[in-house]
Trainee: 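Shown below is the structure under consideration.
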Amino acid sequence: MLKELDEWKKLHDFYKSSDFLTKDLANFLKISPRTIQRWIKGKTNPSAKESELIKKYLSEKTSKPAE
C-alpha cells in the first residue's frame, strides 16, 4: 500500500507540474474530475487499477511528440 501511495504522489507531482487538465484525465479514467480533486487533497486514493491507468495515460501523453 505504501508503494502505491508513493507512486501516486510521484505521478501527482508530475501531473501538477505539467499541462495536463484534470478533466482530460477524468475522461480517460471515466471518473468525475471531483474524484481526482479528492485524490489531490488526500481525502481518498486511486485504486491499484486507477493508478495503472494513470501511468498509462501519462506515459502516452509524454511519449507523443509536441504538436
Trainee: I need the minimum non-hydrogen distance between A26 and P33, along with the two atoms involved.
Mentor: CB-N, 3.7 Å
Trainee: If you compare all heavy atoms of T44 against all heavy atoms of T35, which two are closest, and at what distance to 0.1 Å?
Mentor: OG1-O, 4.4 Å
Trainee: Can you name the closest pair of heavy atoms from I54 and W39 and give their distance?
Mentor: CD1-CZ3, 3.6 Å
Trainee: State, to 0.1 Å, how close I31 and E50 come at their nearest heavy-atom pair, and which atoms those are.
Mentor: CG2-OE2, 4.1 Å
Trainee: K49 vs E52, test: side-chain contact (heavy atoms from CB on, under 4.5 Å). Steps then yes/no.
Mentor: CA-CA 5 Å; K49 180 180 177 183; E52 288 301 314; 5.8 Å; no
Trainee: So do L29 and Y57 actually touch side chain to side chain, heavy atoms under 4.5 Å?
Mentor: no
